[in-house]
Amino acid sequence: MASTLADNFNLLSPQQQDVAKMLLENGQSHLFKDWPAPGVDDDQKKSFFDQIIRLDSSYPGGLEAYVKNAKRLLADSKAGVNPFDGFTPSVPTGETLTVGEENFIKFEERGVQEAHKAAFVLVAGGLGERLGYSGIKVALPAETTTGTCFLQNYIESILALQEASSQGESQTRIPLAIMTSDDTHGRTLELLELNSYFGMEPTQVTLLKQEKVACLDDNDARLALDPQNKYKIQTKPHGHGDVHALLYSSGLLKAWYDAGLKWVLFFQDTNGLLFKAIPASLGVSATKQYHVNSLAVPRKAKEAIGGITRLTHSDGRSMVINVEYNQLDPLLRASGYPDGDVNSETGYSPFPGNINQLILELGPYIEELTKTGGAIQEFVNPKYKDATKTSFKSSTRLECMMQDYPKTLPPSARVGFTVMETWLAYAPVKNNAEDAAKVPKGNPYHSATSGEMAIYRANSIILKKAGVQIPDPELKVFNGQEVEVWPRITWKPKWGLTYSQIKSKVSGNSSISQNSTLAIKGQKVFIENLSLDGALIIDAVDDAEVNVSGSVKNNGWSIENVNYKDTSEPEVLRIRGFKFNKVEQQEAKYSEPGKFSFKP
C-alpha cells in the first residue's frame, strides 16, 4: 500500500477503506503521494473519499469500470483504431413526411391518440454562456413577440397533447423528466416554481441531476487531481448520454411502465419548432412499431450535421445510428462509394440529418437498459501534445451521447427514422452572434436570430398552406446574419397543435401583410375573412369562443436593429440583433366563457 495512504488508513471508514483498496488495485496510487501524516488535513482527506464514493456510485459499474473503459478507449485512440472498421454503410428505412399531405395528417392523428401513453425527457444541462446569455438555456425566450421561454413552450405543448389525447376522458397526466447539471439544477427548479410549473402539476415534473466524471491525466487512465487542490479529483461533464443511466437508476422508467405508458420522447433544450414535428413522429413510431425512431431533417451532402446510417459488419452485426458528418464521407469512400457523401437526385443526401430527438418504445428500452445498466458506448477525445500521442495538452475524460443508445441493440430491434422538412422541425439556438455571422452563406446560423425568425416562418407557411394569403418574406440583416422576415405570427400550442386543427380554425378569404404581428393566446379562436395589416393580439380564456373577422389596420410593431455589443440593451435582445417597437396594436381580451365575435 502506498506508504502515505497506509499511514492514514485508520482515519477512514470501512467503506472508504474499500474504495481506497480499489483505487490502488487500479493504478491510482499517485493520488496519495503527497498526503501528509495523520493529524494534518484529516477532514480534507475524508472529503476526498466522499467525492470518490460519489463518482463511484454515479457511474454504471463504478470507478473500476470507468478506469477499465478509459484504458481500452485511450489505447484505441493512441493506436488510431477506426471504430467503423469492418462496417459497410447503407441507407436505413424510415418515413419522409410533408406537412399537409394525407399521410402526414394520418400520422399526426395517430400521434395525438398515442400521446397519453408517452413520457417526455428534456436534456437541459446547459447554460447560455456560449450564446452570450448568462441564464440557463431553457429560460431564454423562444420568440420575443410574446416573450415565451423555451421551457414554457415545451410544457404548454405537452399539456396541449395531454388534453387532445384524453378526448373528454379524465386526463392522464403526461410526465416530464428534465436532466439538469450542477450548473442548471437550482435555476431550473426556480424557473418552474416562480411560474407555477407553467400549468403542470408539480408532481408531473421530475428533475434528474447529472453528475460529472473524473478527468484522466494520461494514457494509463490515471485520475487527474484538481490543480488547485490535491484532495479533489478534477471532473468534467460526461455528455447527455447519461440520461439513460439516470432514468434507469432513478426507477422512473419502471414507474412509467407500471402506469401503462408505452413511449419515451427525448428532446433538447433550444429548438422552438420541435413540437410541430412530435405528433406525426409519434404516429410513425406507433404505426411502424419502431423501438427507436430518430427525428431527422433532409441534409445536404457534407453538411455539418450527423447522418442517420445503417452499418452492417462483416460478422453480421448491424445497427442504425448517427454517424458524424466528418466520418460519413471517408466511411462511404472506403466502402465502394467513390464519390463519398454526395446528394442523390432529390438534391439531398440519402442519409437524413440527425437532430437528436428520439422516440423509444418503453418496454424494449427497459429490457435493454436492464442488460447495460444504462451505460452507453463511450468515446474519448484527448488533445495530444504531439504526434507521439504519449501525453495530453490537458486532462481528458470519457464522454457519451444520448443518440448512441442504438449501438448495443440486437439486430431484431426495429430502428427507423422520421424525416420532416427543416422549416417545420429544426431551428436550434446554439451559436452566439459573432460565430453565426461567420457561418458560410447558405448554411444555417443556428442562432437566437435565426431561431426566432424560424418560428415566424414556420407559422406563416402553415397558415399559408391552410389557405391564408401571406406575402413572400423580406430579407434583412441582423447581427451580420441575413434572414427571411415573415409576418410575426405566434399562437399557443393548444390553439394549433396539429395541421388539421389549425386548418379547422381558419376559413374564408383571409390575408396577413408582411409587416404584421398576430398573437393568438386562446384555444377556440376562429379566423374567418380577416384582413390584417398591423398588430393584433387575441387573448381569450379556454372556454371563450371567438370569431375573428373584418379588416384590422394600424401602424403595428416595427423591427429595430440592436447591436450585440450594445450593453444598454438586455442580453435577450442583443443576442438576436433586433427588437420590436410596439407603435400601435389592437388587443381583444375575453376573460369570460361564451361566444364572441371580434370585428373591428
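Because the structure is a prediction, the values reported are computed rather than measured.
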Side-chain donor-acceptor pairs of residues 206-213 under 3.5 Å, sequence neighbours excluded:
{"from": "Lys209", "atom 1": "NZ", "to": "Asp182", "atom 2": "OD1", "distance (Å)": "2.5"}
{"from": "Gln210", "atom 1": "NE2", "to": "Gly239", "atom 2": "O", "distance (Å)": "2.7"}
{"from": "Gln210", "atom 1": "NE2", "to": "Asp242", "atom 2": "OD2", "distance (Å)": "3.1"}

Inset, instruction - Report the C-alpha separation of Phe379 and Leu398 in whole Å, then their side-chain angles, then the decisive distance to 0.1 Å, and conclude whether the side chain to side chain contact (heavy atoms under 4.5 Å, CB included) test is met. - result: CA-CA 6 Å; Phe379 60 94; Leu398 301 190; over 6 Å; no
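- When each of Phe120, Phe267, Phe198 is checked for a ring pair (Phe, Tyr, Trp, His ring centres under 6.0 Å) with Tyr154, only Phe267 meets the rule.
- Residues Tyr257 and Leu252 fail the side-chain proximity criterion, which asks for heavy atoms closer than 4.5 Å.
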Inset, instruction - Decide yes or no on side chain to side chain donor-acceptor pair (under 3.5 Å) for Asp226 and Gln234, but give the supporting numbers first. - result: CA-CA 4 Å; Asp226 186 321; Gln234 193 183 7; over 6 Å; no
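- When Phe48, Trp35, Phe32, Phe49 are each tested for a ring pair (Phe, Tyr, Trp, His ring centres under 6.0 Å) with Tyr231, only one passes: Trp35.
- With respect to Arg222 and Asp220, no salt bridge is recorded, no charged nitrogen being found less than 4.0 Å from a carboxylate O.
- Looking at Lys236, its side chain does come within 3.5 Å of a backbone N or O of Ser395 through a donor-acceptor pair.
- Side chains of Gln16 and Val19 form no contact here, defined as non-hydrogen atoms less than 4.5 Å apart.
- Interatomic distance, CG of Leu31 versus CG of Asp34, reported as 10.5 Å (0.5 Å rounding).
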Inset, instruction - Kindly indicate, with the supporting measurements, whether the criterion side chain to side chain donor-acceptor pair (under 3.5 Å) is fulfilled by Ser450 and Gln481. - result: CA-CA 8 Å; Ser450 61; Gln481 304 157 61; 4.8 Å; no
Inset, instruction - Could you walk me through whether His291 and Glu368 pass side chain to side chain donor-acceptor pair (under 3.5 Å), step by step? - result: CA-CA 11 Å; His291 295 162; Glu368 177 65 19; over 6 Å; no
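- Between Gln268 and Ile355 there is no side-chain heavy-atom pair separated by less than 4.5 Å.
- Between the side chain of Asn271 and the backbone N or O of Ala425, at least one donor-acceptor pair lies under 3.5 Å.
- A donor-acceptor contact shorter than 3.5 Å links the side chain of Asn26 to the backbone of Met22.
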Inset, instruction - Evaluate the criterion side chain to side chain contact (heavy atoms under 4.5 Å, CB included) for residue pair Thr312 and Arg310; output intermediate values, then yes/no. - result: CA-CA 7 Å; Thr312 309; Arg310 174 176 289 285; 4.0 Å; yes
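- A donor-acceptor contact closer than 3.5 angstrom links the side chains of Arg299 and Ser349.
- Of the inter-residue distances, the one linking Ser90 atom OG with Phe351 atom CZ reads 7.0 Å to the nearest 0.5 angstrom.
- In this structure, CD1 in Ile178 is found 5.0 Å from CG in Leu192, a value given to the nearest 0.5 Å.
- The pair Glu64-Lys68 meets the salt-bridge criterion, with a side-chain N (NZ, NE, NH1 or NH2) lying under 4.0 Å from an Asp/Glu carboxylate O.
- Residues Ser335 and Phe87 share a closest heavy-atom pair of OG-O, 4.0 Å.
- Note that the CG atom of Leu369 and the CG atom of Leu247 stand 8.0 Å from one another [nearest 0.5 Å].
- Pairing each heavy atom of Ser281 with each of Asn293, the nearest pair is O-ND2, 3.1 Å.
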Inset, instruction - Dump the intermediate steps for side chain to side chain contact (heavy atoms under 4.5 Å, CB included) on Glu361 and Ser285, then the final yes or no. - result: CA-CA 8 Å; Glu361 188 182 335; Ser285 276; over 6 Å; no
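- Nearest approach of Asn432 to Gly132, heavy atoms of both residues: CB-N, 4.4 Å.
- Salt-bridge annotation for Lys45 and Asp41: absent, with no side-chain N of the basic residue lying under 4.0 Å from a carboxylate O of the acidic one.
- Looking only at distances, a side-chain donor or acceptor of Tyr66 sits under 3.5 Å from a matching main-chain atom of Ala214.
- For Lys78, the salt bridge (Lys or Arg N to Asp or Glu O under 4.0 Å) test picks out no residue, with sequence neighbours left out.
- No option in Val323, Asn322, Thr309, Val297 other than Asn322 meets the side chain to side chain contact (heavy atoms under 4.5 Å, CB included) test with Asn354.
- For Asn8 (side chain) and Pro36 (main-chain N/O), a donor-acceptor pair under 3.5 Å exists by modelled atom type.
- Taken from CD1 in Ile155 to OG1 in Thr148, the straight-line distance is 12.5 Å, to the nearest 0.5 Å.
- Side-chain atoms of Lys302 come within 3.5 Å of backbone atoms of Asp341 as a donor-acceptor pair (strictly under, hydrogens ignored).
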Inset, instruction - Start with the C-alpha distance between Tyr365 and His244, add both sets of side-chain angles, then the distance that settles side chain to side chain donor-acceptor pair (under 3.5 Å), and finish with yes or no. - result: CA-CA 9 Å; Tyr365 179 43; His244 302 292; 2.7 Å; yes
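- In terms of modelled atom types and a separation under 3.5 Å, the side chain of Gln204 and the main chain of Leu176 share no donor-acceptor contact.
- For the residue pair Ala296 and Ile308, the shortest heavy atom distance occurs at CB-CD1, 3.8 Å.
- Using a cut-off of 4.0 Å between Lys/Arg side-chain N and Asp/Glu carboxylate O, Asp50 and Arg54 are scored as not salt-bridged.
- Taking both residues in full, the closest heavy atoms of Ala70 and Leu216 are given as CB-CD1, 3.7 Å, listed atom of the first, atom of the second, then distance.
- Residues Asn431 and Arg130 form a side-chain contact, since some pair of their non-hydrogen atoms from C-beta on lies under 4.5 Å apart.
- Minimum heavy-atom separation, Asn479 to Ala433: ND2-CB, 3.5 Å.
- Salt-bridge annotation for Lys46 and Asp42: absent, with no side-chain N of the basic residue lying under 4.0 Å from a carboxylate O of the acidic one.
- Ion pairing between Lys430 and Asp269 fails under the 4.0 Å rule for side-chain N and carboxylate O.
- If you check the side chains of Ser77 and Tyr384, you find a donor sitting under 3.5 Å from an acceptor.
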